[in-house]
Engineer: 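Take this structure, written in structure tokens, and hold onto it; I'll ask about it next.
On a predicted model such as this, the values are computed, not experimentally measured, just so you know. Within every chain, numbering begins at 1; the chains are lettered A, B, ... in the order of the sequence lines, protein sequences first and strands thereafter.
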Number of protein chains: 2
Amino acid sequence: MNFSITEENYIKNIYHLQQQSELVNTNSLAFELQTKPASVTDMLKKLQIKNLLDYEKYKGFRLTNKGNKVAINIVRRHRLWEFFLVTKLGFEWDKVHSIAEELEHVSNQELIQKLDRFLNHPQIDPHGDPIPDGNGKIPIIHQLSIADVIENKKVIVSSVANQSPAILELLNHYHINIGTEIKINQRFSFDRSIEIKVGKYAPCIISELVAKNIFVHHE
Amino acid sequence: MNFSITEENYIKNIYHLQQQSELVNTNSLAFELQTKPASVTDMLKKLQIKNLLDYEKYKGFRLTNKGNKVAINIVRRHRLWEFFLVTKLGFEWDKVHSIAEELEHVSNQELIQKLDRFLNHPQIDPHGDPIPDGNGKIPIIHQLSIADVIENKKVIVSSVANQSPAILELLNHYHINIGTEIKINQRFSFDRSIEIKVGKYAPCIISELVAKNIFVHHE
DNA sequence: ATTTATTTTTAGACAAATCTAAAAAATATA
DNA sequence: TATATTTTTTAGATTTGTCTAAAAATAAAT
Ligand SMILES: [Mn+2]
Ligand SMILES: [Mn+2]
Ligand SMILES: [Mn+2]
Ligand SMILES: [Mn+2]
């Protein structure tokens with residue numbers, strides 16, 4: 001089944017609000033979507049008729065199983081595009097959300113499948129959020145900062161805590177990007193600096209401060 | 001100024017019809033957009049008010065300078081995405097049009113600029129049509145088949161005449177794709193086969209039939 | 001337990017884009 | 001030139017998504 005862009009935006013935002021509280025209420029969804037409560041009520045009825053929403057007047061609402069599946073698919077598209085924008089087009093982390101907000105509605109199945117393969121099946125988006133797979137499974141991934149990774153482990157960069165231009169400049173210099181594979185070689189006790197190997201580049205040393213700001217995951 | 005998806009589809013299709021005849025008429029646009037003439041008339045009025053269209057009742061219509069600029073920008077986005085879909089995601093030529101039909105409406109300037117750079121500023125889309133540059137300039141490029149290229153020339157693959165799975169299989173084997181750089185080494189008179197060098201791969205020989213089906217351009 | 005305040009829903013209107021059916025204009029034909 | 005045909009436009013209705021203002025339900029406060 002196919003949904004309008006508006007419907008998709010409602011579905012996705014209900015999904016996100018559900019992560020915080022069991023039942024979602026009209027006002028908070030209206031705020032999230034920058035619209036009026038009356039408009040939300042109208043759409044709730046429509047989503048209920050399409051079996052995407054469990055909704056009782058005045059009591060709040062939540063997505064049905066079907067609705068959840070649709071939502072997760074939209075989230076998948078959104079985060080894959082975000083990953084693409086950062087790793088392939090060189091966007092900074094804070095610029096990609098609004099663009100992905102549009103791209104997520106291009107809902108050709110084969111497109112997303114091929115994009116996923118092209119990006120090498122990434123598991124975490126540039127903001128550190130998990131990317132659901134094609135079956136709607138959301139990977140549970142424990143991220144940790146490089147400062148906490150044991151020696152000789154290979155990890156993948158998933159996000160960066162401090163997103164200032166200053167750290168960005170440094171990371172570019174190290175060839176470190178979202179999705180980059182890094183091997184932790186050894187830790188030096190004097191200043192807790194760490195020798196790492198970034199992709200196929202020669203090993204280099206990063207400071208403890210940098211290490212603490214880079215979040216990574218295994219596999 | 002920003003336009004709705006519907007407006008953009010009208011503008012782009014008027015642009016294309018203009019390439020064939022000076023003035024565009026209501027019926028042919030309606031046919032192109034799979035809609036009714038009455039709907040077209042409504043939109044014509046709207047586009048005229050926005051100074052995108054020169055329109056006189058019953059006389060036909062054409063885009064203004066402003067309208068043309070908008071149209072060319074949409075065409076640019078459409079063809080860049082088509083190029084992306086084929087060269088990066090591995091879509092076949094005949095599958096990309098409908099997807100690009102949606103992607104073309106994501107109209108973030110920086111996105112298109114970065115996509116263009118990522119793709120290495122391609123000049124021809126997978127169907128052999130020119131890609132307008134950021135200033136709206138449309139490159140005039142003479143394409144020719146590899147069979148007609150003189151020896152020792154470097155060329156870029158722009159399109160393939162025969163798009164059957166059979167030739168596709170062969171081209172994949174040769175690592176030939178849209179946008180691939182090819183150097184024509186020498187021609188063998190016995191069967192008119194041609195030795196070429198594809199990208200950084202070792203030189204190989206293609207038959208005259210294959211050569212005739214691959215269209216290329218210089219630079 | 002009332003009163004007050006907040007949240008949610010309804011009623012009715014509106015803009016964008018579409019449609020059908022009928023009228024008007026332009027073309028083609030006799 | 002008069003008539004028939006085709007093309008285009010108008011008139012009026014519909015669908016989707018939105019809004020404001022008012023009513024109804026729920027929650028909080030006295
Ligand atoms: Mn969105
Ligand atoms: Mn994200
Ligand atoms: Mn389109
Ligand atoms: Mn094309």
Engineer: Rounded off to whole Å, could you give me the CD-to-C1' distance for the B/E56 and D/dT8 pair?
Structural biologist: 14 Å

Engineer: Give the rounded distance in Å between these two atoms: CD of A/Q48 and P of C/dT9.
Structural biologist: 10 Å

Engineer: In whole angstroms, how far is the C1' atom of D/dT10 from the CG atom of B/L44?
Structural biologist: 14 Å

Engineer: Any cation-pi pair here, B/K88 with B/F83, using under 6.0 Å and within 45°?
Structural biologist: no

Engineer: Run the salt bridge (charged side-chain N to carboxylate O under 4.0 Å, His left out) test on B/K12 and B/E104 for me, step by step, so that the C-alpha distance in whole Å, both residues' side-chain angles and the decisive distance to 0.1 Å come before the verdict.
Structural biologist: CA-CA 10 Å; B/K12 195 186 70 173; B/E104 69 188 359; 2.9 Å; yes

Engineer: With a 4.0 Å cut-off on heavy atoms, is B/F61 in touch with a base, just the backbone sugar-phosphate, or nothing at all?
Structural biologist: nothing

Engineer: Would you say a side-chain N or O of A/N25 is under 4.0 Å from OP1 or OP2 of C/dT7?
Structural biologist: no

Engineer: Using the rule salt bridge (Lys or Arg N to Asp or Glu O under 4.0 Å), only one of B/D133, B/D116, B/D129, B/D125 pairs with B/R76; which is it?
Structural biologist: B/D116

Engineer: For residues 164-176 of chain B, tabulate all N or O donor-acceptor pairs below 3.5 Å that involve a side-chain atom, not counting sequence neighbours.
Structural biologist:
unit_1: B/S164; atom_1: OG; unit_2: B/N162; atom_2: OD1; d: 2.9
unit_1: B/S164; atom_1: OG; unit_2: B/I167; atom_2: N; d: 3.3
unit_1: B/Y174; atom_1: OH; unit_2: B/I205; atom_2: O; d: 2.9

Engineer: Given atom NZ of B/K50 and atom P of C/dA15, what is their separation to the nearest angstrom?
Structural biologist: 14 Å

Engineer: Between B/T41 and D/dT10, does any side-chain N or O lie under 4.0 Å from OP1 or OP2?
Structural biologist: no

Engineer: Quick check, are the ring centers of A/F84 and B/F84 under 6.0 angstrom apart?
Structural biologist: yes

Engineer: Would one find a side-chain N or O of A/N27 under 4.0 angstrom from OP1 or OP2 of C/dT6?
Structural biologist: no

Engineer: For residues 36-58 of chain B, which residue pairs pass the side-chain hydrogen bond (donor to acceptor under 3.5 Å, both in side chains) check, not counting sequence neighbours?
Structural biologist: B/E7-B/K50

Engineer: Summarise protein proximity over nucleotides 16-27 of chain C in one line of letters, 5' to 3': B for base, S for sugar-phosphate only, - for none, counting protein heavy atoms closer than 4.0 Å.
Structural biologist: SSBBB---BSS-

Engineer: Which whole-number value in Å describes the distance from A/F31 CZ to C/dT7 P?
Structural biologist: 13 Å

